[in-house]
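A quick write-up on the structure given underneath.
Just so we're on the same page: letters track the sequence lines, and every chain starts at 1.
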Amino acid sequence: LAKTTQPISMDSYEGQEVNITCSHNNIATNDYITWYQQFPSQGPRFIIQGYKTKVTNEVASLFIPADRKSSTLSLPRVSLSDTAVYYCLVGDSPGSSASKIIFGSGTRLSIRP
Amino acid sequence: DAGVIQSPRHEVTEMGQEVTLRCKPISGHNSLFWYRQTMMRGLELLIYFNNNVPIDDSGMPEDRFSAKMPNASFSTLKIQPSEPRDSAVYFCASSSLTAYQETQYFGPGTRLLVL
């Protein structure tokens with residue numbers, strides 16, 4: 001199982017770029033890296049997913065170095081509404097009986113005016 | 001699409017009572033997951049189904065918990081008898097294995113309080 005390690009909390013200000021790094025030293029060849037966002041009283045929501053190098057969508061960018069032992073979620077120009085808990089997950093398809101999904105403790109991001 | 005639907009949204013019960021949580025996954029999704037979230041333990045995967053078959057239930061805490069998926073559009077998580085330590089938010093999520101890599105879609109959760 002690929003365990004992930006993230007900072008417990010981060011603070012930033014509106015308009016800033018926020019980078020949250022996740023360590024996953026035991027990542028396996030078939031594992032993908034997925035980030036979820038969770039607001040209070042809601043279920044987690046998919047943000048972005050990648051395998052290597054860089055992935056970008058309308059919400060965020062995901063940077064994965066060549067060794068894949070870490071990944072960085074980048075949120076450009078954050079706003080107050082980006083205040084949430086962000087989870088990094090590593091794993092292959094849950095359809096495989098050998099895989100297991102571990103959300104970890106996540107990173108609590110607080111954005112200030 | 002209405003997304004993943006869970007019911008009830010809130011449940012308050014007394015210790016010893018049976019609790020049944022319900023989930024309707026997104027139509028066309030063939031994987032379904034049950035999670036439990038508490039402040040102390042975070043978000044834990046309890047069980048997941050693929051094509052209505054339980055694949056991994058190693059996260060189910062004990063025999064008091066059981067989950068079923070009688071068809072592709074419905075699943076239940078039952079706790080019998082319930083205990084105060086079962087108080088948590090229970091999430092259901094679904095995903096599609098037809099995608100290159102799965103993305104889970106979570107429901108709004110059921111907030112359970114066992115007195």
Side-chain angles (χ1 to χ4, degrees), chain A residues 1-9 22 27-52 55 57-60 62 64 68 71 84-108, chain B residues 2-7 9-10 21 23-26 29-60 88-112:
Chain A
L1 302 176
K3 180 182 176 181
T4 61
T5 302
Q6 306 173 232
I8 294 176
S9 64
C22 178
I27 189 169
T29 303
N30 294 332
D31 286 345
Y32 277 70
I33 300 156
T34 310
W35 286 80
Y36 285 83
Q37 174 192 57
Q38 186 178 25
F39 297 114
S41 302
Q42 295 186 26
R45 183 175 69 114
F46 170 86
I47 301 177
I48 197 166
Q49 186 176 77
Y51 183 81
K52 62 180 179 180
V55 179
N57 61 23
E58 65 278 6
V59 176
L62 179 60
I64 306 168
R68 304 201 324 122
S71 59
V85 177
Y86 292 81
Y87 295 96
C88 164
L89 276 73
V90 173
D92 60 6
S93 167
S96 165
S97 59
S99 68
K100 187 173 174 69
I101 302 163
I102 301 176
F103 267 78
S105 58
T107 297
R108 188 173 299 276
Chain B
V4 176
I5 300 173
Q6 291 187 248
S7 64
R9 293 294 307 277
H10 302 273
L21 311 181
C23 175
K24 177 179 171 54
I26 293 173
H29 282 190
N30 50 16
S31 290
L32 183 139
F33 310 81
W34 281 102
Y35 290 87
R36 177 174 67 177
Q37 187 171 38
T38 62
M39 288 293 293
M40 292 297 295
R41 301 177 65 89
L43 195 60
E44 305 172 277
L45 175 64
L46 300 177
I47 184 172
Y48 74 83
F49 295 84
N50 181 234
N51 291 325
N52 312 337
V53 176
I55 301 300
D56 187 345
D57 65 353
S58 59
M60 296 286 263
V89 180
Y90 291 81
F91 289 104
C92 175
S94 70
S95 69
S96 172
L97 266 178
T98 58
Y100 181 65
Q101 184 60 214
E102 292 189 54
T103 298
Q104 293 185 46
Y105 295 84
F106 283 76
T110 295
R111 189 173 297 273
L112 173 65

### Heavy-atom side-chain proximity of Tyr36(A) to Gln104(B) below 4.5 angstrom
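Result yes, sub-4.5 Å side-chain heavy-atom pair found.
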
Is [X] close to chain A through its backbone or its side chain, or both, or neither, when contacts mean heavy atoms under 4.5 Å?
| X | value |
| --- | --- |
| Gln37(B) | side chain |
| Tyr105(B) | neither |
| Arg111(B) | side chain |

#### Entry: Thr103(B) OG1 to Ile48(A) CD1 distance, which is reported to the nearest 0.5 Å
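Those atoms lie 11.0 Å apart.
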
### Message
If you count heavy atoms of other groups shown closer than 6.0 angstrom to OH of Tyr90(B), is the number above 12?
### Response
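Result for OH/Tyr90(B): enclosed.
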
### Query
Is chain B contacted by the side chain of Tyr87(A), its backbone, both, or neither, given a heavy-atom distance below 4.5 Å?
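Just its side chain gets close to chain B.
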
